[in-house]
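Encoded as structure tokens, the structure appears first; notes follow it.
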Amino acid sequence: QVQLVESGGGSVQAGGSLRLSCAASGYTYISDCMAWFRQAPGKEREGIAAIYTDSDSTSYADSVKGRFTISQDNAKNTVYLQMNSLKPEDTAMYYCAFHRGWLRTSTVLSEDRYDYWGQGTQVTVSS
């Protein structure tokens, strides 16, 4: 059973930066995927960044491309989300997710493909 724990959320001014961490426990295969999703009140959960654990290949939603960077420390089973140039519209609960196995790049940010979820960490960006 994989468990995910997010950390690093908080409040920041527009234009500022935060780094989120997701620590995963449990055995993982080299072809696994890990991703970050976010959900604002009253809105659908959206995938924003994903990484393949074997290759470090990444995918991003257009809304965060160029501002957010996902990375991993495979030895620690930890993924990170570096968030720069934050905007008020980035305010949301951010969730880490894990999928065991390979995903197409076209579905790697799809919520229904992920089996394990963390409890979330809140990010609030003020104008």
I'd like to check Leu86 versus Asn84 (side-chain heavy atoms, cut-off strictly below 4.5 Å). Are they in contact?
no
Calculate, to the nearest 0.5 Å, the distance between atoms CD1 and CG belonging to Ile48 and Asp62 respectively.
12.5 Å
So Trp117 and Tyr95, would you call those rings parallel, tilted or perpendicular, with 30° and 60° as cut-offs?
perpendicular
Out of the candidates Thr53, Ile51, Asp56, Asp32, only one should pair with Asn74 under the side chain to side chain contact (heavy atoms under 4.5 Å, CB included) rule; please name it.
Thr53
Under a 3.5 Å distance rule, please check whether Arg19 uses its side chain to pair with a backbone N or O of Gln82 as donor and acceptor.
no
Can you check whether Ile70's main-chain N or O pairs, donor with acceptor, with Tyr60's side chain at less than 3.5 Å?
yes
With no hydrogens and no angle check, do the side chains of Asp54 and Ser31 hold a donor and an acceptor under 3.5 Å apart?
no
Hydrophobic clusters here meaning ILVMFWY residues chained together by side-chain heavy-atom distances under 4.5 Å, can you tell me if Tyr80 and Tyr116 are in one?
no
Donor-acceptor pair, Ser55 side chain versus Ser57 backbone, under 3.5 Å?
yes
Backbone N or O of Gly9 within a donor-acceptor pair of the Thr121 side chain at under 3.5 Å?
yes
N/O donor-acceptor pair under 3.5 Å between Glu6 side chain and Gly120 backbone
yes
To check you understand the geometry: which heavy-atom pair defines the closest contact between Ala14 and Ser127, and what is its length?
CB-CA, 4.3 Å
Can you hop from Val5 to Val79 via hydrophobic side chains spaced under 4.5 Å?
no
CD (Glu89) and NZ (Lys43) are apart, to the nearest 0.5 Å, by 10.5 Å
Kindly indicate whether the side chain of Cys22, heavy atoms from C-beta on, has any atom under 4.5 Å from the side chain of Phe98.
no
Identify the heavy atoms of Trp36 and Ser21 that sit nearest to each other, and give their distance.
CH2-O, 3.6 Å
Does Lys87 come within less than 4.0 Å of Asp90, counting only side-chain N to carboxylate O?
no
Heavy atoms, side chains only, cut-off 4.5 Å: are Met34 and Cys96 in contact?
yes
What are the two closest heavy atoms between Ser85 and Ser17, and how far apart are they?
N-OG, 4.3 Å
Spell out, as yes or no, whether a donor-acceptor pair under 3.5 Å connects the side chain of His99 to the backbone of Arg113.
yes
Where Ser110 and Ser106 come nearest, the two heavy atoms and their spacing:
OG-O, 4.3 Å
Which pair of non-hydrogen atoms, one from Cys33 and one from Val108, has the smallest distance, and what is that distance?
SG-CG2, 4.3 Å
Over 60° means perpendicular and under 30° means parallel, so classify the ring planes of Phe68 and Tyr94, tilted if in between.
tilted
What verdict does the side chain to side chain contact (heavy atoms under 4.5 Å, CB included) test give for Ser59 and Lys65, after you've listed the backbone C-alpha separation in whole Å, the side-chain angles of each residue and the deciding distance to 0.1 Å?
CA-CA 9 Å; Ser59 295; Lys65 197 171 296 181; over 6 Å; no
Are any side-chain N or O atoms of Thr78 and backbone N or O atoms of Lys76, one a donor and one an acceptor, separated by less than 3.5 Å?
yes
Using atom types as modelled and distance alone, determine if a side-chain donor or acceptor of Gln122 lies under 3.5 Å from a backbone N or O of Gly10.
no
Evaluate the side-chain proximity of Thr69 to Met83: yes if any heavy-atom separation is below 4.5 Å, no if none is.
no
Can you see which heavy atom on Ala50 is nearest to which on Ala35, and at what distance?
CB-CB, 3.8 Å
Under 3.5 Å, is there a donor-acceptor pair between the side chain of Tyr52 and the main chain of Leu103?
yes
Using a 6.0 Å cut-off, check whether atom CD of Gln119 has over 12 heavy atoms from anything other than its own residue.
no
Side-chain touch Glu46/Phe37, heavy atoms, less than 4.5 angstrom:
no
Starting at CZ of Arg45, measure out to CG of Asp112 and round the result to the nearest 0.5 Å.
12.0 Å
